[in-house]
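A quick write-up on the structure given underneath.
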Number of protein chains: 2
Amino acid sequence: MSKSHEILFRALADPTRRAIFERLCQDGDQTVAALTARAKVSQPAVSKHLGVLKQAGLVRDRHEGRQTHYTAQPGALAPLVDWTSRMAGFWQSRFDDLEDLLKRMDQ
Amino acid sequence: MSKSHEILFRALADPTRRAIFERLCQDGDQTVAALTARAKVSQPAVSKHLGVLKQAGLVRDRHEGRQTHYTAQPGALAPLVDWTSRMAGFWQSRFDDLEDLLKRMDQ
DNA sequence: CATACACATAACTCGTTGGTTATTGATCAG
DNA sequence: CTGATCAATAACCAACGAGTTATGTGTATG
């Protein structure tokens, strides 16, 4: 449970996978064919990436006839947000000056 | 610049590297020897990881005599926060669009 | 000056992974 | 029923990445 960011970071590490996820976030529901058309890789590659994203909970699939629609689940990004704010939090707790933190975050 | 999350995701994808970064965030300044002691890998491995983290801007090094101290730079996480909120934002805006549509259909 | 120490770099191994083509399973059209 | 289409799976391969041991570079110390 405390390791849920492990699978997330791994899933989002690959650029092709991020591109697919970004597209699903921007444009919503997409069939595999539609995603493949925009991607620079073959359909099996896209399917494999979607499998990884699904495993990470980042997408959901829905079958309609002979095509499969995928949808982004941005809520699954929560553990990642938690992790980053925890890191920033550790950092912050070692400094009493909040403004100093914000300045560093700004740069 | 707009692709700075590429190197970030890649740097944070590895568990050993995240562990090192987490430790630097929690406990602050650390020498390579101190980090190696806690890590489950050899000193050269730790050095290599630190190199990657440094490349990503996540850590900074400071030389003191014959030892090197590393410090976390959590501000470098900003592009990652941007990315995640952008993904959530896309999602939210499409949700808003749907709400607008439904409102218009109502009247 | 010689030795020990801290860290970085080099050279290499090996498992993982992202890509491919070929094939299968399922569904729709004629 | 037949052929075409969409997606998933299988089988394979090349490249990459994280790990190791060995060595190099620089600094403190006797």
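In this text, all values refer to a predicted model and were calculated from it rather than measured experimentally. In what follows, chains carry the letters A, B, and so on, assigned in the order in which the sequence lines appear, proteins first and then strands, with residues in each chain numbered from 1.
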Do other residues, nucleotides or ligands put more than 12 heavy atoms under 6.0 Å from B:Arg23 CZ?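 Yes, because the 6.0 Å sphere around CZ of B:Arg23 holds more than 12 heavy atoms from other groups.
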
Start at the 5' end of DNA chain C and walk down; is the nucleotide closest to A:Val41 or to B:Val46 reached first?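 Comparing both residues, the 5'-ward one is B:Val46.
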
So which one's nearest nucleotide on DNA chain C is more toward 5', A:Ala45 or B:Asp61?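 The 5'-side residue here is B:Asp61.
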
To check you understand the geometry: which heavy-atom pair defines the closest contact between [X] and [Y], and what is its length?
X       : Y       : result
A:Leu58 : A:Phe21 : O-CE1, 3.4 Å
B:Thr68 : B:His63 : OG1-ND1, 3.3 Å
B:Gln67 : B:Thr31 : OE1-CG2, 3.8 Å
B:Pro15 : A:Glu6  : CG-OE1, 3.5 Å

Just the table, please: protein N/O against nucleotides 27-29 of chain C N/O, every pair under 3.5 Å.
unit_1: C:dT27; atom_1: O2; unit_2: A:Arg66; atom_2: NH1; d: 3.4

Which atom pairs, donor and acceptor, lie under 3.5 Å between side-chain atoms of residues 39-52 of chain B and protein residues at least two apart or in another chain?
unit_1: B:Gln43; atom_1: NE2; unit_2: B:Ser47; atom_2: OG; d: 3.2
unit_1: B:His49; atom_1: ND1; unit_2: B:Arg17; atom_2: NH1; d: 3.4

Let's see if you get this right: which residues in residues 19-37 of chain A place a heavy atom under 4.0 Å from DNA chain D?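 Correct list: A:Thr31, A:Val32, A:Ala33.
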
To the nearest angstrom, how far is [X] atom [atom1] from [N] atom [atom2]?
X       : N      : atom1 : atom2 : answer
B:Gln67 : C:dA8  : CD    : P     : 11 Å
A:His63 : C:dA26 : NE2   : P     : 12 Å
A:Gln43 : C:dT23 : CD    : C1'   : 12 Å

Rounded distance (nearest 0.5 Å) linking atom [atom1] of [X] with atom [atom2] of [Y]:
X       : Y       : atom1 : atom2 : result
A:Leu35 : A:Thr16 : CG    : OG1   : 12.5 Å
B:Tyr70 : B:Leu53 : OH    : CG    : 9.5 Å
B:Lys54 : B:Thr71 : NZ    : OG1   : 11.5 Å

What's A:Ser42 touching, base or sugar-phosphate or nothing? Going by heavy atoms closer than 4.0 Å.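 Contact class for A:Ser42: base.
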
Would you say C:dA8 has OP1 or OP2 under 4.0 Å from some side-chain N or O of B:Tyr70?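 Checking B:Tyr70 against C:dA8: at least one side-chain N or O falls below 4.0 Å of OP1 or OP2.
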
Within the structure, does a side-chain N or O atom of A:Thr16 lie under 4.0 Å from either OP1 or OP2 of C:dG19?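 For C:dG19, OP1 or OP2 has a side-chain N or O of A:Thr16 closer than 4.0 Å.
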
Tell me which residues in residues 48-55 of chain B put a heavy atom below 4.0 Å from DNA chain C, sorted by number, or none.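 Heavy-atom contacts with DNA chain C come from no residue of residues 48-55 of chain B; none.
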
Exam field: side chain A:Arg18 to backbone A:Ala13, donor-acceptor pair closer than 3.5 Å: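 Present.
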
Shoot me the first and last contacting nucleotide of DNA chain D against chain B, ordered 5' to 3', at under 4.0 angstrom to non-hydrogen atoms.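 Listed 5' to 3', the contact boundaries are D:dG17 to D:dA28.
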
Tell me, with the steps shown, if B:Asp29 and B:Arg62 meet salt bridge (charged side-chain N to carboxylate O under 4.0 Å, His left out). CA-CA 10 Å; B:Asp29 218 64; B:Arg62 164 175 56 92; 2.4 Å; yes

Side chains of residues 73-85 of chain A: which donor-acceptor pairs under 3.5 Å do they make with residues two or more places apart or in other chains?
unit_1: A:Trp83; atom_1: NE1; unit_2: B:Glu22; atom_2: OE2; d: 2.9
unit_1: A:Thr84; atom_1: OG1; unit_2: A:Leu80; atom_2: O; d: 3.1
unit_1: A:Thr84; atom_1: OG1; unit_2: A:Val81; atom_2: O; d: 2.8
unit_1: A:Ser85; atom_1: OG; unit_2: A:Val81; atom_2: O; d: 2.9
unit_1: A:Ser85; atom_1: OG; unit_2: A:Asp82; atom_2: O; d: 3.0

For a 4.5 angstrom cut-off between non-hydrogen side-chain atoms, does B:Leu24 reach B:Val59?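 They are in side-chain contact.
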
